[in-house]
Amino acid sequence: MEYFVSLERAREIGDQLSIETSEEVLELDEAHNRILSCNIESLVDDPPFDNSSMDGFAVLHKDTPGRLKIIGTSQAAAAEELVMKEGEAVRIMTGAQMPNGADAIIMVEKTSTSEDGEWVDVLEEAKPGWVRKKGENLRKGEAALLAGTKLVPHNLGLIATMGHPTVKVHSPLRVSIISTGDELKSPGEELQSGEIYESNSFGLAGLVKELGCIPIRTGACADSISTLRKALDHAAENSDLIITSGGVSMGEWDLVRKIMEEEGEIHYWRVKIRPGSPPLFGTWKGTPLFGVPGNPVSSHVVFRMLVRPWILKQFGIQGPYDSTVPVTLLEDLKAAEDCFTLRRVYVENIEGELLASTKTHQGSGNLHSLVSANALTYLAPGTTAKTGQKIDVILL
Ligand code: AMP
Ligand code: MG
């Protein structure tokens, strides 16, 4: 076991343990938030034919401006391809096929049609740029989406555009989430003296779902070795990954650490990040396990910095996992001496400049501080950053 490792080292150790993943084919309707397991090539040219980007008239550029004879209409999905020549125009709808012979579009607002509908006066020069050329977006056979891409709505739209009714994705990992602590009650129950509502499992389940995986959330587990053992055994049998919350610090009642020391296998314990320095990583009966701290903010931050990259790695996605943007500080900030520091800040765009400030107190038990923030500082250990200085943040 390695003790109190850097963020980088923790990720390296995590990378040494991988699990087998599988693939599945889904209907596009089912694929939101899932992760592509192979490249996707277009089955068609996009667009499949030259078409108009405006309602108006298809014309020959050299005929405009001028009076032209209207010889027909091209509308969406018209069966026949129209042919036109010099001095002629074809009424055309957005997305409809360009007639053979036309090379430009004049928008309807810049025309006037004769009362009998036979002639059109084109009042300006027509625009060749308003013709969308066949294949200008994508060529047939082009790989427009690569393995490892998360299927957000516009990606799903593009897969449909490319002609695929189904998509091959990574099968979701089943992730058991076990909150531990005698003091934890489910929301909806009555709190007795010394009790609090259990919140971590809900946040962690959402974070798991965002990666296209399946959270298996159980009720809070009491601080008892035998109860914990039972819960871990059940989780190891029924999931690909276990996340426990709480019980990994130095205290006598930190039973996740204790049971993992005695009966599991720990690869690292404690990481140089703040908040969230107590986590452990190892295996329980062969199933990988992240023990994240109980403090609600820490549980989120540890998921983001350690669990998320590990899961993405299983899906073949290489880093960088932390995409940062530079912002200007509105106050002095100091990183912890030995820990990578992820303070919660609020970033606003004021007159074109991204400015960051702290809105609430930074206690790691204060989940509201995470809700009031929209970014985490990405401050290397020992950094002192002054008002007006630029630092990197991870946008949430
Ligand atoms: P622990 O890591 O078990 O020492 O817990 C640290 C702090 O986080 C304590 O104040 C706990 O009450 C709180 N905590 C632990 N687990 C949860 C949870 N699942 N939901 C909300 N708070 C928790
Ligand atoms: Mg506890």
Side-chain angles (χ1 to χ4, degrees), residues 3-4 10 175-210 215-232 234-235 239 241-264 266 268-282 284 289-308 336 339 342-344 360-373:
Y3 178 73
F4 206 31
V175 183
S176 285
I177 298 168
I178 305 171
S179 281
T180 69
D182 284 338
E183 75 282 25
L184 304 175
K185 273 279 167 71
S186 292
E189 289 177 358
E190 186 103 20
L191 291 183
Q192 307 299 326
S193 161
E195 294 179 341
I196 61 166
Y197 286 122
E198 194 283 303
S199 62
N200 290 352
S201 69
F202 296 96
L204 291 167
L207 290 163
V208 164
K209 279 190 201 163
E210 276 187 357
I216 305 167
R217 213 179 53 74
T218 53
C221 179
D223 285 322
S224 122
I225 287 284
S226 63
T227 317
L228 196 52
R229 187 184 296 119
K230 230 185 253 167
L232 291 174
H234 185 262
S239 47
L241 172 67
I242 305 169
I243 302 176
T244 61
S245 119
V248 285
S249 302
M250 312 268 201
E252 204 179 318
W253 285 104
D254 286 320
L255 297 184
V256 173
R257 175 185 49 79
K258 212 164 190 178
I259 198 171
M260 283 294 288
E261 272 170 2
E262 288 166 8
E263 303 176 36
I266 302 182
Y268 65 73
W269 175 40
R270 302 200 68 217
V271 179
K272 293 178 182 169
I273 54 173
R274 184 169 296 172
S277 59
L280 65 76
F281 174 71
W284 180 264
L289 179 149
F290 281 94
V292 309
N295 274 313
V297 176
S298 307
S299 73
H300 275 251
V301 168
V302 167
F303 186 98
R304 202 175 165 103
M305 302 311 288
L306 294 169
V307 185
R308 179 175 175 275
C339 286
L342 300 132
R343 293 173 70 94
R344 283 125 275 158
T360 56
H361 86 81
Q362 297 279 309
S364 56
N366 177 14
L367 197 52
H368 188 244
S369 71
L370 192 56
V371 171
S372 316

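Every number for a ligand or one of its atoms is a count from 1 in the order of the listing.
Partner Val292 forms a side-chain contact (heavy atoms from CB on, under 4.5 Å) with one of Val248, Ile243, Asn200 and no other, that one being Ile243.
Ser245 counts as a contact of ligand 1, since one of its heavy atoms falls under 4.0 Å from the ligand. Residue contacts with ligand 1: Gly181 is excluded, as none of its non-hydrogen atoms falls under 4.0 Å. For Trp253, the heavy-atom gap to ligand 1 stays at 4.0 angstrom or more. Heavy-atom separations between Gly247 and ligand 1 include at least one value shorter than 4.0 Å. By the 4.0 Å heavy-atom criterion, Val248 is excluded from the residues contacting ligand 1.
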Open item on the list: Let's go through Leu232 and Thr244 carefully: what are the C-alpha distance in whole Å and the side-chain angles of both, what is the deciding distance for side chain to side chain contact (heavy atoms under 4.5 Å, CB included) to 0.1 Å, and is it a yes or a no?
Closed with: CA-CA 9 Å; Leu232 291 174; Thr244 61; 3.9 Å; yes
Open item on the list: Please determine whether side chain to side chain contact (heavy atoms under 4.5 Å, CB included) holds for the pair Met305 and Leu342, giving the CA-CA distance in whole Å, both sets of side-chain angles, and the decisive distance to 0.1 Å.
Closed with: CA-CA 10 Å; Met305 302 311 288; Leu342 300 132; 4.0 Å; yes
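Inclusion of Ser249 in the set of residues having an N or O under 3.5 Å from an N or O of ligand 1 is not warranted. Between Ser179 and ligand 1, an N or O atom pair is found at a separation short of 3.5 Å.
Looking at Arg217, its side chain never comes within 3.5 Å of a backbone N or O of Ala205 through a donor-acceptor pair. In this structure, Trp253 contributes its side chain and Asp223 its backbone to no donor-acceptor pair below 3.5 Å. Although no hydrogens or angles enter the test, the distance criterion places no donor-acceptor pair under 3.5 Å between the side chain of Asp182 and the main chain of Ala222.
Looking at atom 19 (N) of ligand 1, its nearest protein heavy atom turns out to be Glu198 OE2, 2.9 Å. Looking from atom 9 (C) of ligand 1 to the surrounding protein, the closest heavy atom is Glu183 OE2, 4.2 Å. Counting protein heavy atoms only, atom 23 (C) of ligand 1 is closest to Gly294 O, 3.3 Å. Of the protein's heavy atoms, Asn200 ND2, 3.4 Å lies nearest to atom 17 (C) of ligand 1. Given atom 7 (C) of ligand 1, the protein heavy atom at minimum distance is Asn295 OD1, 3.4 Å. Among protein heavy atoms, the minimum distance from atom 22 (N) of ligand 1 is reached at Ile196 CD1, 3.5 Å.
At a threshold of 4.5 Å between non-hydrogen side-chain atoms, the residues Leu289 and Leu241 do not count as touching.
Salt-bridge check for Arg257 with Glu261: passed, with a basic side-chain N closer than 4.0 Å to an acidic carboxylate O.
Side chain to side chain, Glu198 and Ser179 meet the donor-acceptor criterion of an N or O pair below 3.5 Å.
Residue Asp254 has at least one heavy-atom neighbour below 4.0 Å for each of these atoms of ligand 1: 4 (O).
Around the CZ atom of Arg274, the shell of radius 6.0 Å holds no more than 12 heavy atoms that belong to other residues, nucleotides or ligands.
Here Ser199 has heavy atoms under 4.0 Å from ligand 1 in both its backbone and its side chain.
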